[in-house]
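Working notes for the structure below.
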Amino acid sequence: MNKKNILILFIFVLAANLKAQISNDFAKEVTAVLDAKTSSIVGKEIEKQASATIYDTKLKISGFDLTYAETIFGDDLSGIYIGTSSDSVIDAISQQLKNIPYQILDSKQTPEIISKSIFDSDILRKIIIKDKKTQEKVMTITRFKDYILMEVFV
């Protein structure tokens with residue numbers, strides 16, 4: 001392999017790794033959102049519809065576009081990863097989540113958390129975050145082929 005090909009390969013590998021990086025503050029940001037009261041999360045109104053009002057969020061999680069919605073079905077805090085969905089991104093997320101004071105279930109180690117139903121057939125990986133005391137699910141991070149979805153249960 002000549003020097004030019006080695007340089008191109010190095011740049012390609014470096015670019016792929018840069019895309020997969022999650023902020024070093026990811027665990028702190030997730031913990032802050034999970035520990036916050038709704039009033040600390042809800043920002044300014046973005047859009048009002050007949051069945052929902054969508055708000056920006058005051059608290060942020062680096063790499064995710066978070067929104068809060070008040071709907072006729074209940075409130076929802078969710079976000080989409082703004083980068084490319086990949087194994088390395090979800091691996092980095094999983095690694096960071098080991099530093100938060102919650103129980104973490106990762107389908108990489110616990111595949112049965114992804115049901116065999118038709119509704120979950122397109123899920124590549126799922127991370128469930130539970131409150132250690134109550135065992136209630138407080139957040140899920142789900143990797144699909146084209147995106148990563150974060151849902152916080154408020």
Side-chain angles (χ1 to χ4, degrees), residues 14-115 117-154:
L14 180 62
N17 284 334
L18 288 176
K19 278 186 172 182
Q21 289 184 352
I22 294 294
S23 166
N24 289 336
D25 293 330
F26 182 78
K28 290 178 191 170
E29 294 167 346
V30 166
T31 301
V33 167
L34 292 176
D35 292 347
K37 293 187 181 342
T38 303
S39 60
S40 302
I41 297 172
V42 178
K44 70 175 190 168
E45 185 178 304
I46 298 173
E47 181 180 345
K48 190 167 186 105
Q49 303 170 354
S51 60
T53 304
I54 313 298
Y55 299 90
D56 190 15
T57 57
K58 294 176 190 173
L59 296 177
K60 306 295 181 193
I61 296 178
S62 300
F64 283 83
D65 182 19
L66 291 179
T67 56
Y68 183 87
E70 291 177 342
T71 73
I72 58 174
F73 303 108
D75 297 347
D76 177 60
L77 176 61
S78 60
I80 298 287
Y81 180 67
I82 56 176
T84 303
S85 174
S86 70
D87 286 336
S88 56
V89 170
I90 198 76
D91 284 342
I93 289 170
S94 180
Q95 188 64 33
Q96 285 276 335
L97 290 175
K98 290 178 181 176
N99 300 317
I100 68 173
Y102 290 85
Q103 179 185 5
I104 309 301
L105 298 171
D106 188 333
S107 65
K108 189 172 188 176
Q109 290 82 33
T110 315
E112 62 271 13
I113 66 172
I114 300 176
S115 75
S117 77
I118 188 95
F119 302 109
D120 286 352
S121 63
D122 57 345
I123 293 175
L124 300 176
R125 186 154 164 204
K126 187 175 204 168
I127 299 170
I128 298 173
I129 296 127
K130 291 183 171 185
D131 182 293
K132 284 184 177 180
K133 291 179 186 171
T134 66
Q135 289 298 299
E136 288 183 27
K137 186 174 10 177
V138 294
M139 177 186 276
T140 60
I141 300 173
T142 309
R143 178 176 179 238
F144 297 91
K145 179 183 175 195
D146 297 325
Y147 63 98
I148 297 173
L149 174 66
M150 175 185 288
E151 296 174 283
V152 181
F153 304 102
V154 290

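Keep in mind the model is a prediction, meaning the values are calculated, not measured.
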For [X], which residues count as a side-chain contact (heavy atoms from CB on, under 4.5 Å) partner, sequence neighbours excluded?
| X | result |
| --- | --- |
| T57 | I41, K60, L66, Y68, L77 |
| D65 | I82 |
| A32 | none |
| D35 | T31, Y102 |

Subject >> Pairs touching residues 144-154 that satisfy side-chain hydrogen bond (donor to acceptor under 3.5 Å, both in side chains), sequence neighbours left out >> reply: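 Sorted pair list: T140-E151.
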Original post:
Are more than 12 heavy atoms from other residues, nucleotides or ligands located less than 6.0 Å from atom CD of E136?
Top reply: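 Result for CD/E136: open.
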Original post:
Any chance CG of D122 has more than 12 other-residue heavy atoms, nucleotides or ligands included, within less than 6.0 Å?
Top reply: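 Count over threshold, so yes.
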Subject >> Qualifying residues under ring-ring contact (aromatic ring centres under 6.0 Å, His included), relative to F153, sequence neighbours excluded >> reply: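 ring-ring contact (aromatic ring centres under 6.0 Å, His included) check on F153 returns nothing, list empty.
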Would a 4.5 Å heavy-atom cut-off, applied to side chains only, mark [X] and [Y] as touching?
| X | Y | value |
| --- | --- | --- |
| L124 | I114 | no |
| I127 | M139 | no |
| V30 | F64 | no |
| I80 | L149 | yes |

Return yes if some donor-acceptor pair links the side-chain N/O of [X] with the main-chain N/O of [Y] below 3.5 Å, else return no.
| X | Y | value |
| --- | --- | --- |
| S121 | I118 | yes |
| T71 | G74 | yes |
| E45 | T53 | no |

So which atom in [X] and which in [Y] form the shortest heavy-atom distance, rounded to 0.1 Å?
| X | Y | answer |
| --- | --- | --- |
| I113 | S107 | CD1-N, 3.4 Å |
| G63 | Y81 | O-CD1, 3.2 Å |
| L59 | S40 | CG-O, 3.8 Å |
| A27 | N99 | CB-CB, 4.1 Å |

As an exercise, state the distance from [atom1] of [X] to [atom2] of [Y], rounded to the nearest 0.5 Å.
| X | Y | atom1 | atom2 | result |
| --- | --- | --- | --- | --- |
| Q49 | I72 | CD | CD1 | 11.0 Å |
| I128 | D106 | CD1 | CG | 9.5 Å |
| S94 | L105 | OG | CG | 10.5 Å |
| K28 | S23 | NZ | OG | 9.0 Å |
| I22 | I93 | CD1 | CD1 | 4.0 Å |
| L34 | I129 | CG | CD1 | 6.5 Å |

Original post:
Taking Q103 as the fixed residue, which of K132, K137, Q135, K130 is the one that meets the side chain to side chain donor-acceptor pair (under 3.5 Å) rule?
Top reply: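 By the side chain to side chain donor-acceptor pair (under 3.5 Å) criterion, Q103 pairs with just one of K132, K137, Q135, K130: Q135.
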**OP:** Applying side chain to side chain donor-acceptor pair (under 3.5 Å) between Y55 and each of K44, E47, E70, K48, report the one that passes.
**Re:**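 Of K44, E47, E70, K48, side chain to side chain donor-acceptor pair (under 3.5 Å) with Y55 is met by E70 alone.
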Original post:
Taking atom types as modelled, is there a side-chain donor on T84 or S86 under 3.5 Å from an acceptor on the other?
Top reply: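 Side-chain D/A pair, T84 to S86: absent.
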**OP:** Check K126, R125, K108 against I90 for a side-chain contact (heavy atoms from CB on, under 4.5 Å) and give me the one that passes.
**Re:**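 When side-chain contact (heavy atoms from CB on, under 4.5 Å) is applied between I90 and each of K126, R125, K108, only R125 qualifies.
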